Amino acid sequence: MPYKPTSVWIDTTPHTTYPAPDATLEVDVCVAGGGILGLLTAAQLKRAGRTVAVLEADRVATGVTGYTTAKVTVLHGLVYDEVRSSFGADGARHYAEANRAGLDSIARWTADLGIDCDLRRRPAFTYAEGEDDLGKLRDEVDAGREAGLPLEFVADAGLPWPVAGAVRLDDQLEFHPRRFLLALADHVAGDGSHVCERARVSAVHDGDPCRVETEDGGEVLARHVVIATHYPTLDRGLFFARLSAERSYAIGVRTRGPVPHGMFLSTESPSHSVRATPFDGGELLIVGGEGHKTGTGGDTTERYARLESWARERFDVASVEYRWSAQDAMPLDGIPYVGKLSPASRSIWTASGFRKWGMTNGAAAAIMLADLIEERPNPWLATFDANRFKPLASASKLLKETVSVGAHFFGDRLSGPDLRSMDQLAPGEGALVAHDGDTVAAYREPGGAVLAVSPVCTHLYCHVKWNVAERSWDCPCHGSRFAPDGTVLQGPAVKPLEPRELDQD
């Protein structure tokens, strides 16, 4: 194929080989998750004198953080007017302050550890191509300025096509997230602290100490546990009812001629994102967008096709080098959740719902979690409280999600299988197939053998859908994703899809 089906961040960094725990580890804090949230939290706690153990289910920085567009900015589309409406002026100010602190912490860690991660200062823009959205831009400038940010409305965003207007915020950052995090992981490991890979957490027991178990029999004893798994593992706080999952797509392209100087996001729906990164002696343009709710995207290969078409209409594209996708957890009321895993938790903490801005929101959450564990006051925690209840801010979205879940739970069962016969399944294709009076989720491998699993998601029993581009089973209800053989790729599910036996000649 002409492109590599991975992110430029994954492709341009070495593999890691941290060992899984082979004995009981005793530390002050156990962190489940080796992305930006988990590693920054661990690094801050180690700097505070704590011993930490990071448990990563796969390899560090290969999950959501490895497939980001890596824009480190406090300008998050049109978020400030929305947050001001739901949380008031103080809430918007707390959101701005926390994310600005997150940005500063990434810059500071890069400088302190001398990390070579292509960190550079760039302006960020939220732009509108049509005049209908100019009012939204001006409202965002007003809300952002009230929150303490030096936003300005500009007529020209520096893009090679005309725009009606844009919001600009200077002195933001872009970087290579995996180079940053691999250096951070090396810093965390050692001196009584550990980074462990292929160590998927299977159980967490609150107590003094807490006990964390992994699927392969590993064990960690710790005074505190941080669940930093993008979607909270072992969801005791019912986050599945307060989060929705969305997938989005990115391509890395070489262009003829210069690339825009900055980071850009459009107001259209679906939105489109643009930034560049140093690559092979020049610049690689990263174009993102075409987002949709997980499990409802139809033929996802068409998403990439539309994204490439959009890019070619606006840039002189020489080649497509990479394409990848990512999943984001979207909070119902607009602000991430940071704090106790549940109201009953004593020493288990979490953060989630970064709404596609995981670099600064994740870094901000790491600061807040470290403050909670160190029992330091933090001015933003009341706004970000993981167990807050904002009925007015989230009621309409909660109703919409509830109706959607119900429609899939019942409607997908009534609609029946996609194919009536296993013989209709082509190599490399997955579908819900009728078999012996039942419906199975079947995938035919390129060699011809068929993998069959139950179509019922192990989280709350909705039927999964086949994701053509990623070759995965995706749940449209709460965003769980599974490999063709049923292995969990992303939560909230923690158990694999049940295998189904087939008679194959």
Side-chain angles (χ1 to χ4, degrees), residues 36-37 40-41 44 71-108 121 123-126 135-154 166-173 242 263 265 267 328-340 349-372 374-395 397:
I36 191 164
L37 171 63
L40 273 175
T41 302
Q44 291 183 77
K71 294 189 291 186
V72 188
T73 174
V74 188
L75 182 63
H76 296 172
L78 300 174
V79 70
Y80 291 100
D81 189 42
E82 175 190 342
V83 171
R84 182 174 62 175
S85 297
S86 299
F87 288 80
D90 285 344
R93 178 170 51 82
H94 291 163
Y95 186 90
E97 290 175 352
N99 277 275
R100 188 159 48 192
L103 181 151
D104 291 342
S105 75
I106 290 174
R108 188 166 54 251
R121 295 281 174 176
F125 298 86
T126 300
K136 295 179 182 178
L137 295 182
R138 296 187 188 281
D139 288 344
E140 185 69 4
V141 170
D142 177 71
R145 286 178 175 173
E146 187 177 7
L149 298 176
L151 303 187
E152 60 176 320
F153 179 87
V154 295
V167 179
R168 176 174 178 146
L169 181 60
D170 288 325
D171 207 28
Q172 305 302 284
L173 299 175
R242 297 183 283 144
M263 298 173 285
L265 180 68
T267 59
D328 293 281
M330 311 295 287
L332 285 181
D333 60 10
I335 282 186
Y337 304 109
V338 183
K340 287 186 175 182
W349 314 90
T350 195
S352 187
F354 298 151
R355 60 177 300 166
K356 301 188 179 184
W357 299 102
M359 298 301 97
T360 53
N361 266 319
I367 294 170
M368 287 183 268
L369 290 173
D371 285 347
L372 282 167
E374 290 296 304
E375 298 182 350
R376 294 187 294 252
N378 184 291
W380 320 311
L381 276 166
T383 297
F384 285 80
D385 180 15
N387 296 288
R388 65 182 180 267
F389 181 59
K390 289 290 230 181
L392 294 180
S394 59
K397 289 184 179 179

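For clarity, every value in this text was computed on a predicted model and none was experimentally measured.
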Between OG on residue Ser352 and CG on residue Asn361, distance to nearest 0.5 Å: 10.5 Å

Pairing of Arg355 and Glu82 as salt bridge, 4.0 angstrom limit: yes

Side chain to side chain, Gln44 and Glu374, heavy atoms closer than 4.5 Å: no

N/O donor-acceptor pair under 3.5 Å between Thr383 side chain and His94 backbone: no

Close side-chain approach of Ile106 and Ile36, heavy atoms under 4.5 Å: yes

Student check: side-chain heavy atoms of Tyr95 and Trp380 closer than 4.5 Å: no

Under-4.0 Å salt bridge between Asp171 and Arg121: yes

Exercise: do Tyr337 and Asn387 side chains pair donor with acceptor under 3.5 Å: no

Inter-residue atom distance Arg376.CZ - Leu381.CG, 0.5 Å rounding: 11.0 Å

Sequence-distant partners of Asp385, salt bridge (Lys or Arg N to Asp or Glu O under 4.0 Å), two or more places apart: none

Ala351 to Ala365 - nearest heavy-atom pair and separation: CB-CB, 3.7 Å

Side chain to side chain contact (heavy atoms under 4.5 Å, CB included) assessment of Val74 paired with Tyr80: CA-CA 10 Å; Val74 188; Tyr80 291 100; 3.0 Å; yes

Heavy-atom check, side chain of Ser105 versus side chain of Ile367, under 4.5 Å: yes

For Gly339 against Leu372, the heavy-atom pair lying closest together: CA-CD1, 3.9 Å

Side chain to side chain contact (heavy atoms under 4.5 Å, CB included) assessment of Asp90 paired with Arg93: CA-CA 5 Å; Asp90 285 344; Arg93 178 170 51 82; 3.0 Å; yes

Worked check of side chain to side chain contact (heavy atoms under 4.5 Å, CB included) between Val167 and Glu152: CA-CA 6 Å; Val167 179; Glu152 60 176 320; over 6 Å; no

Side chains of Arg100 and Leu149 in contact at under 4.5 Å (non-hydrogen atoms): yes

Side-chain donor-acceptor pair present, Thr126, His76, cut-off under 3.5 Å: no

Over all atoms of both residues, closest heavy-atom pair of Asp170 and Pro123: OD1-CB, 3.4 Å

Smallest separation among heavy atoms of Gly144 and Leu151, with atom names: CA-CD1, 3.6 Å

Leu265 vs Phe125, side chain to side chain contact (heavy atoms under 4.5 Å, CB included): CA-CA, chis, key distance, verdict: CA-CA 6 Å; Leu265 180 68; Phe125 298 86; over 6 Å; no

Minimum side-chain heavy-atom gap Leu169-Pro150 below 4.5 Å: yes

Lys136 and Asp81, any side-chain heavy atoms less than 4.5 Å apart: no

Heavy-atom pair of closest approach, residues Ala107 and Leu173: CB-CD1, 3.9 Å

Thr73 OG1 to Trp357 CH2 distance, which is reported to the nearest 0.5 Å: 6.0 Å

Note, Leu137 side chain near Leu78 side chain (heavy atom, < 4.5 Å): yes

Nearest non-hydrogen partners of Leu75 and Ala124, listed with the distance: CD2-O, 3.5 Å

Short N-O contact, Asp142 and Arg84, less than 4.0 angstrom: yes

Sidechain N-carboxylate O distance under 4.0 Å for Asp333, Arg388: yes

